[in-house]
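Nothing fancy with the numbering, it's 1 onward along the sequence. Just so it is clear, the structure is predicted and the values come from calculations on it, not from any experiment.
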Amino acid sequence: MPMTLARRSMLAAAAALATLAATGAALAQDGITIRMSTPASETDSRSVALADKFGPMVAGFATYEPHYNATLFAQGSELEAIATGDLEMSIASAQELATFFPEFSIFTAGYVLQDADHQVAVFNDALFEPFKAKAEAELGIKLLAPMYLGRRQVNLRQSVDELKVTTPADLAGVNLRMPGTDAWQFLGKALGANPTPMAFTEVYAALASGSVDGQDNPLPTVVDAKFYEVTSQIVLTSHLVDWNFIAFSKAVYDSLTPEQQAAVEAAAWAAADFGRANQLQKEADLVSFLEGKGLAIYEPDLAAFRAAVQDAYLASDLAKAWPEGLLGQINALGK
Ligand code: KDO
């Protein structure tokens, strides 16, 4: 459910207060501490990229302090924490931003973003400026760079003898874990499944116990989270070329010198580029690794999935929040 106007106004006021606090704090200290909260593990490509690139590049004036596996803030609560000055940075999703600003849901729609290059082109295009501006003005959050998460695939406990997925009709009745926000739940339904909202850190146990039939994530996540230990197949739907954003406190950013701000921007892009290259390489390498672990991996009828998912979005209330012509502009930046 998108956030009410009153709640968003409260957050904007909190962000303004955070600016004053951060300015004072930053001026009062030699260096600042940049706490980053993510549900991702320490070994996830995005976490490694931020630790190996972002941290060292801001070390002259800031201490980068990552918190993994949602140990500091629960998945989905990070943006509000940054807005209220309780956190400086997160690896945010368009789905989380869509809970504040419904128009962000266009970037969560299945089969819209085509690949990693398309993500970068969209993020850097003028069409994305209003989205960055809104996050800054209403949440006090700067979206510094896009992080490639990867092509999301359907990962199931059932063996292919029990369940072979060719079209969305084959997912009818399948209890598919999706992250908790409305945009994610809609995607699960558009795939034909029954979506169950659940935090990322609970997924392995739910698959192991059978309380869900499956989950959807890119292959690197299936490996990093060891979901392959408790599932039997991967259906290569590639239903969402998923991305996150390096979300950074505007209050802290505004308290920095121009040189420090430039360093933060450069560090964010260095991490995004490094992480993207690593994640793409992993996606190429991991099919054979997962087959070696005994999983069946196969392509469904992609045309059937694409048609069903795109039709569902175009007919949805989500699409009513999309600015006129924006989908065409996004498509024009792709291949
Ligand atoms: C997930 O919960 O499945 C998801 O992939 C959603 C993403 O937006 C992102 O939060 C991701 O989890 C975490 O970074 C863990 O990889």
Side-chain angles (χ1 to χ4, degrees), residues 38-41 44-50 70 75-76 78-79 90-99 104-123 128 131 143 145-155 176-191 193 195 197-201 203 214-225 227 234-247 271-273 275-284 286-287 302 305-306 309-310 312-313 318 327 330-331 333-335:
T38 176
S41 72
D44 179 281
S45 299
R46 294 155 296 156
S47 301
V48 170
L50 286 169
Q75 181 180 32
E78 303 94 335
L79 291 176
S90 77
I91 303 174
S93 70
Q95 291 83 357
E96 291 156 358
L97 284 157
T99 65
F104 266 88
S105 67
I106 197 166
F107 302 113
T108 75
Y111 298 113
V112 171
L113 291 174
Q114 297 168 19
D115 53 32
D117 290 342
H118 192 203
Q119 291 177 352
V120 174
V122 166
F123 185 87
F128 203 75
F131 293 92
L143 302 179
M147 296 204 99
Y148 178 71
L149 177 48
R151 297 190 306 276
R152 298 183 80 94
Q153 316 293 2
V154 172
N155 176 210
L176 185 66
R177 174 272 172 182
M178 298 298 288
T181 70
D182 290 353
W184 281 118
Q185 295 300 298
F186 186 87
L187 179 55
K189 288 194 186 85
L191 288 167
M198 182 182 294
F200 179 76
T201 47
V203 174
Q215 67 90 30
D216 86 308
N217 256 289
L219 300 187
T221 300
V222 172
V223 172
D224 187 69
F227 294 151
I234 295 174
V235 191
L236 296 176
T237 49
S238 295
H239 52 273
L240 180 64
V241 179
D242 203 3
W243 60 344
N244 291 143
F245 306 105
I246 297 177
D273 293 344
R276 182 180 319 109
N278 287 344
Q279 195 77 334
L280 285 165
Q281 188 58 54
K282 283 183 178 180
E283 282 189 309
L286 291 179
V287 174
L302 285 175
F305 269 96
R306 182 183 297 273
V309 169
Q310 289 182 334
Y313 276 95
L318 291 178
L327 183 57
I330 293 169
N331 293 338
L333 291 170
K335 289 187 171 66

Output the distance between atom [atom1] ([X]) and atom [atom2] ([Y]), rounded to the nearest 0.5 Å.
| X | Y | atom1 | atom2 | result |
| --- | --- | --- | --- | --- |
| Phe128 | Ile330 | CZ | CD1 | 9.0 Å |
| Arg152 | Leu191 | CZ | CG | 10.0 Å |
| Leu286 | Gln279 | CG | CD | 8.5 Å |
| Leu302 | Leu236 | CG | CG | 8.0 Å |
| Arg46 | Ile246 | CZ | CD1 | 10.5 Å |

**OP:** Quick one: list whatever passes salt bridge (Lys or Arg N to Asp or Glu O under 4.0 Å) with Asp224, sequence neighbours left out.
**Re:**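 Result, salt bridge (Lys or Arg N to Asp or Glu O under 4.0 Å) vs Asp224: none returned.
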
- Task: Starting from the C-alpha separation in whole Å, work towards a yes-or-no answer on side-chain contact (heavy atoms from CB on, under 4.5 Å) for Thr221 and Leu149.
- Result: CA-CA 9 Å; Thr221 300; Leu149 177 48; 4.1 Å; yes

Give me the atom names and distance for the closest heavy-atom approach of [X] to [Y].
| X | Y | value |
| --- | --- | --- |
| His239 | Asp216 | NE2-OD2, 2.8 Å |
| Leu143 | Phe123 | O-CZ, 3.3 Å |
| Thr108 | Tyr313 | O-OH, 3.6 Å |

In terms of the angle between their ring planes, are Phe104 and Phe131 parallel, tilted or perpendicular, with boundaries placed at 30° and 60°?
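Rings of Phe104 and Phe131: perpendicular, as their planes differ by over 60°.
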
Check your understanding: Under 3.5 Å, side chain of Glu96 to main-chain N/O of Leu79, donor-acceptor pair present?
Key ->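 Between the backbone of Leu79 and the side chain of Glu96 there is no qualifying donor-acceptor contact (under 3.5 Å).
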
